[in-house]
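This structure is a prediction, so every number in the text was calculated from the model and none was measured. Note on naming: letters A, B, ... go to the chains in the order of the sequence lines (proteins, then strands), and numbering restarts at 1 for each one.
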Amino acid sequence: MLSVPEIYQRLFERYGQQHWWPAESAYEMLVGAVLTQNTHWRNVEKALGNLGNQLKPQVISAMPHDQLANLLRPSGYYNQKAERLRLLSQWFISYDCDVNAIRRIDGALLRHTLLSLKGVGRETADCMLVYAFDKPFFIIDTYTRRLFSRIGYDVPESYEHFRLLIEQQLPPSVELYNEYHALIVALGKEHCAAKPCCSGCPLERDCHKTHLNTLNG
DNA sequence: CTCCAGGACAAGC
DNA sequence: GCTTGTCATGGA
């Protein structure tokens with residue numbers, strides 16, 4: 001069975017550097033992380049496009065709910081997400097929108113703080129920590145669970161247990177965790193975009209099974 | 001028509 | 001602690 005570092009190596013050889021997160025600033029990354037919850041990225045892009053030059057914490061935190069929700073419509077769950085972006089923006093403003101000030105906070109403490117925000121769960125918090133705040137927490141999402149499960153790992157159902165299991169087998173590097181998660185998503189996107197496909201799979205023996213099950217759930 | 005996409009939360013056990 | 005119903009659009 002492939003080790004955790006070996007899986008990374010094969011993904012990297014196949015897909016190369018991913019240059020994540022697709023955002024122009026830390027704040028935009030935070031917004032994208034909330035909007036993409038259980039939502040296809042292309043729908044998130046539509047919502048981000050609707051926001052346009054209003055994609056700023058001061059503007060979003062002050063915008064009337066219905067107006068913001070309407071702009072977010074394409075990304076789904078627009079009522080929830082409008083409220084959550086408002087709270088997130090208020091939190092960001094409470095640090096004077098100073099990303100470096102937030103980065104100086106201890107990682108574990110910052111994670112706890114993010115998790116206290118309504119609408120920020122474990123996966124979203126870890127994405128924010130890695131892609132906006134340079135803190136090494138391994139991100140667990142549905143693709144990660146499927147991938148490791150099909151390779152043969154006994155994947156813990158608990159998010160934290162799974163995260164710690166992976167982190168024990170990797171150095172605590174933000175750059176590594178950044179790239180690893182982006183590569184797993186790249187793999188998932190390829191499978192979802194090309195059905196059926198089964199050539200050039202980076203995971204050899206589990207190729208067919210991985211593709212099939214990734215498509216069918 | 002059905003299924004699901006880079007989840008989170010409240011309620012119930 | 002873990003499980004279930006809910007939130008919602010858009011593309012395949």
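- For A:T124 and B:dA8, the shortest distance from a side-chain N or O to OP1 or OP2 is below 4.0 Å.
- In this structure, A:S75 and A:K46 have side chains that are not in contact, with every pair of non-hydrogen atoms separated by 4.5 Å or more.
- Side-chain N/O atoms of A:Y78 include one lying less than 4.0 angstrom from OP1 or OP2 on C:dT9.
- Each of A:T39 and A:R42 was matched to the nucleotide of DNA chain C holding its nearest heavy atom; the match closer to the 5' end belongs to A:T39.
- For the pair A:T39 (side chain) and A:Q37 (backbone), a donor-acceptor distance under 3.5 Å is present.
- A:Y143 places no side-chain N or O within 3.5 Å of a backbone atom of A:A186 that could act as its donor or acceptor partner.
- In this structure the side chain of A:L30 never reaches within 4.5 angstrom of the side chain of A:T124, judged on heavy atoms.
- The aromatic rings of A:H181 and A:Y131 are tilted relative to each other, their planes meeting at an angle between 30° and 60°.
- Contact check, A:K46 against C:dG11: a side-chain N or O comes under 4.0 Å of OP1 or OP2.
- Summarising the geometry, the separation between CD on A:E45 and C1' on C:dG11 is reported as 14 Å, rounded to the nearest angstrom.
- Comparing A:C127 and A:K118 by the nucleotide of DNA chain B whose heavy atom lies nearest to each, the residue mapping closer to the 5' end is A:C127.
- Rounded to whole angstrom, the span from the CD atom of A:Q37 across to the C1' atom of C:dC7 amounts to 11 Å.
- Under the 30°/60° scheme for interplanar angles, the aromatic rings of A:Y180 and A:Y8 are found to be tilted.
- Where pairing requires Watson-Crick or G-U contacts shorter than 3.5 Å, the helical stems of DNA chain C with at least three consecutive pairs are B:2-5 with C:9-12, B:7-13 with C:1-7.
- Across the protein-nucleic acid pair, A:E83 atom CD and C:dA8 atom P stand 12 Å apart, rounded to whole Å.
- For A:Y27, the ring-ring contact (aromatic ring centres under 6.0 Å, His included) partners at least two apart in sequence or on another chain are A:F92.
- Between the OH atom of A:Y143 and the C1' atom of B:dC4 there is a distance of 9 Å, given to the nearest Å.
- Contacts of residues 157-176 of chain A with DNA chain B (heavy atom under 4.0 Å): none.
- As rounded to the nearest Å, B:dA8 and C:dG10 have P atoms that lie 22 Å from one another.
- Judged by distance alone, with hydrogens and angles left aside, the side-chain atoms of A:D96 form no donor-acceptor pair with the main-chain N or O of A:D98 at under 3.5 Å.
- Two residues, A:Y131 and A:V120, neighbour DNA chain B, and the one matched to the more 5' nucleotide by heavy-atom proximity is A:Y131.
- Around the NE2 atom of A:H112, the shell of radius 6.0 Å holds no more than 12 heavy atoms that belong to other residues, nucleotides or ligands.
- Spacing between atom CG of A:L115 and atom P of B:dA10 amounts to 13 Å, rounded to whole angstrom units.
- B:dA5 and C:dT3 have their C1' atoms separated by 22 Å, given to the nearest Å.
- Put simply, A:R146 has a side-chain N or O that comes within less than 4.0 Å of OP1 or OP2 on B:dA5.
- Look at A:N79 and you'll find a side-chain N or O under 4.0 angstrom from OP1 or OP2 of C:dA8.
- A donor-acceptor pair is defined here as one N or O able to donate and one able to accept, closer than 3.5 Å; such a pair exists between the side chain of A:E167 and the backbone of A:F138.
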